[in-house]
Protein chains: 2
Amino acid sequence: MDLSSIEIFLAVASDRSVTKAAKAVGRVPSNVTTRIQQLEEDLNVSLFSRDGKKMTLTREGETFLAYANRLMALALEARQAVRPLAPSGTLRVGTMESTAASRLPAALTQFNQMWPDVSLHLTMGASRDLTRDVLSDALDCALIARPPKAMREEDSGFDAELKALEMEPVFVEDLLIVLPSGHPSIKSAADLRVGSLAALEPGCTYRRIAENWARKSSALPTSELGSYHAILASVATGNTAGVMPRSVLDLMHWPTPVQTHQLGPVETLLVYRKNDRPSAFSAFHEVLSATKGRDIRLATN
Amino acid sequence: MDLSSIEIFLAVASDRSVTKAAKAVGRVPSNVTTRIQQLEEDLNVSLFSRDGKKMTLTREGETFLAYANRLMALALEARQAVRPLAPSGTLRVGTMESTAASRLPAALTQFNQMWPDVSLHLTMGASRDLTRDVLSDALDCALIARPPKAMREEDSGFDAELKALEMEPVFVEDLLIVLPSGHPSIKSAADLRVGSLAALEPGCTYRRIAENWARKSSALPTSELGSYHAILASVATGNTAGVMPRSVLDLMHWPTPVQTHQLGPVETLLVYRKNDRPSAFSAFHEVLSATKGRDIRLATN
DNA sequence: GTCTTAATTCCGGAAACGAGATCTTTTCAT
DNA sequence: ATGAAAAGATCTCGTTTCCGGAATTAAGAC
């Protein structure tokens with residue numbers, strides 16, 4: 001029994017899908033299938049029932065899920081416990097709105113429990129700005145969206161800044177165009193029947209991805225809003241299409257099942273300066289990796 | 001972090017020796033060294049301090065040890081929890097005296113806590129007899145000493161019986177000749193200055209190994225005793241050399257540091273009938289494997 | 001029925017692992 | 001002191017395992 005198998009198991013259990021889980025843990029679906037099968041063979045019990053293309057936990061899978069969470073939490077705790085110098089002081093973390101909303105709560109809670117002596121300073125911002133702030137030492141690290149290759153070539157300044165930093169993928173977001181209810185489903189931006197695209201600031205990678213996609217076939221103005229709640233409200237008026245990752249949309253329990261269009265997966269990176277990892281940063285890094293793809297409800301060892 | 005690395009770590013921590021630990025977990029020393037180094041690099045902390053050839057836990061190593069025990073215990077519990085049908089009924093286990101004394105207490109305690117519904121019947125005996133009892137279904141399984149190859153060729157009956165059973169190594173014992181205090185150290189049986197060899201029954205593999213070793217150079221009578229305590233007492237009289245594994249000797253806190261001679265490592269096997277693994281047996285098997293090389297003091301998850 | 005999506009199976013290249021040989025250092029005996 | 005023995009570390013090599021991509025199969029949607 002290998003902890004990485006358990007991480008994979010947790011991802012599959014929480015997504016109820018091999019494909020999603022594979023993205024979440026940064027692997028390929030065939031690999032996820034294999035590891036789950038190995039785990040099942042090792043435990044000599046079937047963890048998921050595959051009726052058709054649905055993966056649902058069996059009763060044994062449910063009980064194993066509880067243990068899996070405890071095991072991961074305990075492993076993380078062990079890792080932290082042997083840290084020779086307990087982190088303290090302040091850690092300045094930059095993050096996108098979306099990550100702060102959907103991914104960070106669990107990690108921050110856990111981090112606070114483990115290291116109450118560290119005061120975390122959170123700064124929200126667009127990926128472009130956050131990156132600059134890390135470079136200029138206004139932040140210790142930041143969670144940003146990696147622009148797709150095509151966009152990086154266009155904006156060589158941003159690309160150069162990224163290359164000057166260490167980076168590591170921690171999440172994968174499924175970026176969506178959210179359509180007003182009743183809007184017909186679309187294949188490309190040409191099918192849009194709205195007056196504008198609602199997004200956050202100009203430096204926001206998600207916004208720029210959406211704009212790139214939209215301008216291929218239509219000349220749609222972007223209306224800039226301050227929050228994802230504002231964007232969704234704007235979509236509800238009927239004349240706007242919103243941009244946000246699925247994880248954020250899921251968070252909002254929108255009343256009606258909205259029509260969405262996938263712009264594809266976008267990686268969230270943790271970036272930090274090379275050769276500058278204060279103890280508090282390493283601790284944060286570890287907590288983040290451990291929380292990756294894990295169920296929100298935290299295990300209490 | 002891999003559970004097998006943790007198992008190796010536990011073995012090194014409890015033996016304070018790479019070589020011993022390697023035997024305990026059935027690996028080669030170089031491998032143990034590497035895995036420990038990997039673990040240290042992964043945790044970014046040194047677990048052992050190597051002053052000379054002594055391996056002692058560092059402060060961080062100590063704290064990690066606690067977590068390592070808890071992790072293994074939790075993993076074992078998870079394994080047991082998903083067992084689809086809870087084991088019950090009786091399980092008839094045969095064991096050598098020595099194993100019952102040194103290795104089983106921890107495993108049996110844990111097993112009893114986990115499966116109070118299973119009533120364990122322990123039978124002590126010599127390897128030869130236990131094997132026959134498993135074959136004839138008088139026992140469900142047994143812990144026996146694997147005779148070295150040379151001996152197996154001599155006793156083809158025993159060998160055939162073993163081949164008819166499933167077997168799996170679970171412990172490695174360091175078989176010793178225990179000499180009276182003051183006896184000069186020996187290179188071979190020819191250097192023995194005693195009147196007899198003290199051992200258990202004729203079917204005992206340890207006894208037969210010792211007799212084989214002794215008869216190469218001298219014709220020493222074997223005096224048969226009923227227990228290891230009796231053997232040690234007999235050795236204390238000065239005219240007898242005893243046969244026992246090191247683990248048993250260690251258990252007895254003999255007052256003076258006794259002179260010993262190594263007859264080499266002997267594997268302890270768990271043997272059972274092919275295609276006959278009642279649920280209670282599988283549970284026992286798992287507890288045994290998990291206890292292998294682990295510290296006696298059990299972790300309470 | 002066809003198309004799409006998801007899971008599994010199969011396969012080749014890459015990385016990790018384990019065993020043995022060698023080397024270094026410590027310890028013990030002479 | 002000196003040599004021998006033992007233990008740990010290092011290196012290399014053969015094997016296994018693991019990962020990712022392509023092909024395959026199966027289920028649901030239109």
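What's counted below: heavy atoms across the whole structure, side chains too, no hydrogens, waters or symmetry copies. Residue numbers begin at 1 in each chain, while the letters A, B, ... track the order of the sequences.
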Please write out each protein N/O paired with an N/O of nucleotides 3-6 of chain D under 3.5 Å, distance rounded to 0.1 Å.
unit_1: D:dA6; atom_1: N3; unit_2: B:Lys53; atom_2: NZ; d: 3.3

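- No side-chain donor from either of B:Ser17 and B:Asp15 sits under 3.5 Å from a side-chain acceptor of the other.
- Residues passing the side chain to side chain contact (heavy atoms under 4.5 Å, CB included) test with B:Gln262 are B:Asp174, B:Leu176, B:Arg246, sequence neighbours excluded.
- Axis angle between the ends of the helix from C:dG1-D:dC30 to C:dT30-D:dA1, five pairs each and rounded to 10 degrees, works out to 30°.
- Side chain of B:Thr58 to backbone of B:Leu47: a donor-acceptor contact under 3.5 angstrom is found.
- Pairs passing the ring pair (Phe, Tyr, Trp, His ring centres under 6.0 Å) check and including a residue from residues 7-33 of chain A, sequence neighbours excluded, read A:Phe9-A:Phe48, A:Phe9-A:Phe64.
- Every side chain to side chain contact (heavy atoms under 4.5 Å, CB included) that B:Asn31 has, sequence neighbours left out, goes to B:Arg27, B:Val28, B:Arg35.
- Here D:dG8 presents its P atom at 11 Å from NZ of B:Lys23, a figure rounded to the nearest Å.
- Contacts of B:Ser30 with the nucleic acid, taken as non-hydrogen atoms under 4.0 Å apart, include base atoms.
- With sequence neighbours excluded, no residue forms a salt bridge (Lys or Arg N to Asp or Glu O under 4.0 Å) with A:Arg59.
- Every residue was checked against the salt bridge (Lys or Arg N to Asp or Glu O under 4.0 Å) condition with A:Asp250, not counting sequence neighbours, and none meets it.
- The CG atom of A:Leu3 sits 17 Å away from the C1' atom of D:dC18 (whole-angstrom rounding).
- OP1 or OP2 of D:dA9 has not a single side-chain nitrogen or oxygen of B:Thr34 nearer than 4.0 Å.
- Per the geometry, CD1 belonging to A:Ile8 stands 10 Å off C1' belonging to D:dC18, to the nearest Å.
- Side-chain contact check for B:Thr99 and B:Thr268: no donor-acceptor pair (N or O, by modelled atom type) lies under 3.5 Å.
- Of the two residues contacting DNA chain D, namely B:Thr19 and A:Asp2, the nearest-nucleotide position lying further toward the 5' end is that of B:Thr19.
- In this structure, CZ of B:Phe48 is placed 11 Å from P of D:dG8, rounded to the nearest angstrom.
- Residues satisfying the salt bridge (Lys or Arg N to Asp or Glu O under 4.0 Å) criterion with A:Lys163, sequence neighbours excluded, are A:Asp159.
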Which atoms of nucleotides 12-17 of chain D (N or O only) lie under 3.5 Å from a protein N or O atom, and what are those distances?
none

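- Evaluation of the salt bridge (Lys or Arg N to Asp or Glu O under 4.0 Å) rule for A:Arg50 yields A:Glu40 as partners, not counting sequence neighbours.
- For the pair A:Arg35 and D:dC18, the criterion of a side-chain N or O lying under 4.0 Å from OP1 or OP2 is not met.
- When the C1' atom of D:dT10 is taken as reference, atom CD1 of B:Ile36 falls 16 Å away, rounded to whole Å.
- Counting heavy atoms from C-beta on, the side chains of B:Ile209 and B:Val266 come closer than 4.5 Å.
- Residue B:Ala75 comes nearest to B:Leu3 through the heavy atom pair CB-CD1, 3.4 Å, listed as atom of the first residue, atom of the second, then distance.
- Taking a heavy-atom distance under 4.0 Å as the criterion, the stretch of DNA chain C touched by chain A extends 5' to 3' from C:dT5 to C:dT9.
- Using a 4.0 Å heavy-atom distance criterion, A:Val28 is classed as a base contact.
- A:His183 is linked by a ring-ring contact (aromatic ring centres under 6.0 Å, His included) to nothing, counting only residues two or more places apart in sequence or in another chain.
- Remark: B:Leu76 CG to B:Glu286 CD distance equals 7.0 Å, nearest 0.5 Å.
- With DNA chain C read from its 5' end, the first of the two nearest nucleotides for B:Asp51 and A:Met55 is the one closest to A:Met55.
- Atom NZ of B:Lys20 is separated from atom P of D:dA7 by 7 Å (rounded to the nearest Å).
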